[in-house]
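Reckoned from all heavy atoms, side chains included, excluding hydrogens, waters and symmetry mates.
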Amino acid sequence: MNLFWQECKMNFKTMLVWALCVGGMCLGCLLLYDSLGESVEEMSDMFANLGAFSEALGMDRMGIGTLEGYYAVEISILLNLGGALYGAMLGAGMTAKEEEGKTYEFLNVMPLGRGRILAEKYAAFAVLLAVFHGICICLILCGFAWMGSMPDMRNYAEYHGAAYFMCCEIGTICFLLSVLCRKRPTGAAVGIAVIFYMMDIMCRVVPALDKVKYLTPFYYSNAADIFSGGGKSEGLLEAGAGAVILGLTLGVSFVIYKKKDLM
């Protein structure tokens, strides 16, 4: 049995629904840009002067007077949150569903070691998340093409790479939860994604919480920072911290799963 392909098939429809919903919302919001008309410039100036609110959403660094700025400041939030929630829920169900559905007995009599089982499940998780982002990227680019104004492709690729890695980090933490729990920790997974998002907002507006940026993956995947060119060197530090967290979390998942009593 090829567990990797089995996991991909089982989760494909759910992934497709999430991708079409999140990517479709981003596409729809892009197409609404023209309807804002002349009010865009006024809105951009007004939002840039809202103090902490502007800093939290990146409006102090990039305005919505251009389609690229509108995407970086407004629409990217939909993609970040939608992707984080999908990644969290996907990771949370990868191993816990076996114990919840009492299918772990069948799985563990197959000629597969526990390390391989977990490796194939995590590989399926990473691929499904990549396909999710690929669909969203294509839909968003279709929106830009329809509007006749393409974004800076280097910044666009950098942002979506950071967004994918952010979703992987959150999903890997929830993957560890899945290993620890005997039922799908869906509520906890959603809570983790939302808490990380709130941590990103708080560390941007409260100076005393500045160090929190090393803990939340939303910080280095902020589109306004990437498209405006501000804080890229800082973003690399946060991404490095995120890589360490991802690696440690995944390592702990393997150690626990190999020793876990599945009876």
Side-chain angles (χ1 to χ4, degrees), residues 1-33 70-71 74-103 107 118 120-147 156-157 159-179 181 183-198 217-218 221 223 246:
M1 180 180 68
N2 192 321
L3 185 59
F4 168 78
W5 287 113
Q6 184 68 18
E7 286 291 341
C8 288
K9 289 178 183 178
M10 288 176 62
N11 292 285
F12 181 78
K13 288 184 179 178
T14 302
M15 179 277 297
L16 190 60
V17 170
W18 270 91
L20 291 177
C21 287
V22 175
M25 283 192 296
C26 293
L27 171 62
C29 289
L30 271 174
L31 298 180
L32 285 174
Y33 185 74
Y70 175 66
Y71 173 71
E74 301 287 347
I75 300 175
S76 64
I77 296 174
L78 293 175
L79 182 63
N80 278 0
L81 273 174
L85 288 171
Y86 172 66
M89 294 177 71
L90 179 64
M94 274 294 168
T95 63
K97 67 183 179 185
E98 306 291 353
E99 293 187 72
E100 187 178 58
K102 304 300 180 183
T103 56
L107 184 62
L118 208 63
E120 291 201 29
K121 281 180 172 288
Y122 189 79
F125 159 80
V127 168
L128 285 164
L129 202 53
V131 175
F132 166 86
H133 275 273
I135 293 172
C136 290
I137 287 169
C138 290
L139 287 172
I140 292 166
L141 282 178
C142 286
F144 275 109
W146 182 270
M147 298 296 290
Y156 186 78
Y159 161 64
H160 282 280
Y164 172 72
F165 188 68
M166 175 268 290
C167 295
C168 279
E169 184 181 342
I170 292 175
T172 303
I173 293 171
C174 295
F175 188 79
L176 172 59
L177 277 183
S178 182
V179 170
C181 298
K183 291 185 179 181
R184 299 189 201 201
T186 305
V190 172
I192 286 171
V194 173
I195 287 170
F196 275 134
Y197 179 68
M198 295 306 299
F218 279 96
S221 61
L246 187 152

Could you tell me whether the side chain of Tyr197 reaches within less than 4.5 Å of the side chain of Ile77, counting heavy atoms only?
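When only atoms from C-beta onward are counted, Tyr197 and Ile77 do touch, with a gap below 4.5 Å.
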Side chain proximity check, Tyr71 to Ile140, heavy atoms < 4.5 angstrom:
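In short, these two side chains touch, coming nearer than 4.5 Å.
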Between OG on residue Ser76 and NE2 on residue His160, distance to nearest 0.5 Å
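It is 8.5 Å, given to the nearest 0.5 Å.
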To the nearest 0.5 Å, tell me how far Leu31 CG sits from Cys26 SG.
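So the CG of Leu31 and the SG of Cys26 are separated by 11.0 Å.
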Validation: residues 123-132 side-chain donor-acceptor distances under 3.5 Å, sequence neighbours left out:
none

Leu78 and Cys29: side chain to side chain contact (heavy atoms under 4.5 Å, CB included), yes or no, with the steps?
CA-CA 10 Å; Leu78 293 175; Cys29 289; 3.7 Å; yes
Side-chain polar contacts of residues 169-178 - donor-acceptor pairs under 3.5 angstrom, sequence neighbours left out - could you list them?
| unit_1 | atom_1 | unit_2 | atom_2 | d |
| --- | --- | --- | --- | --- |
| Glu169 | OE1 | Tyr220 | OH | 2.8 |
| Thr172 | OG1 | Tyr122 | OH | 2.7 |
| Thr172 | OG1 | Cys168 | O | 2.6 |
| Ser178 | OG | Ala92 | O | 3.1 |
| Ser178 | OG | Thr95 | N | 2.9 |
| Ser178 | OG | Thr95 | OG1 | 2.9 |
| Ser178 | OG | Ala96 | N | 2.7 |

Is it the case that the side chain of Tyr33 and the backbone of Met147 share a donor-acceptor pair, with hydrogens and angles ignored and the cut-off at 3.5 Å?
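Side chain of Tyr33 to backbone of Met147: no pair is present.
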Hey, do the aromatic rings of Phe218 and Phe196 have their centres closer than 6.0 Å?
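Between Phe196 and Phe218, which both carry aromatic rings, the centre distance is not below 6.0 Å.
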Under 3.5 Å, sequence neighbours excluded: what are the donor-acceptor pairs made by side chains of residues 9-25?
| unit_1 | atom_1 | unit_2 | atom_2 | d |
| --- | --- | --- | --- | --- |
| Asn11 | ND2 | Glu7 | O | 2.9 |
| Asn11 | ND2 | Glu7 | OE1 | 3.3 |

Which heavy-atom pair separates Met89 from Ala189 by the least distance, and what is that distance?
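It is N-CB, 4.4 Å.
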Qualifying residues under side-chain contact (heavy atoms from CB on, under 4.5 Å), relative to Ile195, sequence neighbours excluded:
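Result, side-chain contact (heavy atoms from CB on, under 4.5 Å) vs Ile195: Met199.
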Show the numbers, then the answer: is there a side chain to side chain contact (heavy atoms under 4.5 Å, CB included) between Met94 and Val179?
CA-CA 8 Å; Met94 274 294 168; Val179 170; over 6 Å; no
With side chain to side chain contact (heavy atoms under 4.5 Å, CB included) as the test, would you mind laying out the steps for Tyr156 and Phe144 before giving the verdict?
CA-CA 12 Å; Tyr156 186 78; Phe144 275 109; 4.3 Å; yes
As a test of understanding, state which of Ser221, Cys167, Cys136 forms a side-chain contact (heavy atoms from CB on, under 4.5 Å) with Leu79.
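For Leu79, the side-chain contact (heavy atoms from CB on, under 4.5 Å) test succeeds with only one of Ser221, Cys167, Cys136, which is Cys136.
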Residues in side-chain hydrogen bond (donor to acceptor under 3.5 Å, both in side chains) with Tyr159, at least two apart?
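Counting only residues at least two positions away or on another chain, Tyr159 forms a side-chain hydrogen bond (donor to acceptor under 3.5 Å, both in side chains) with Asn80.
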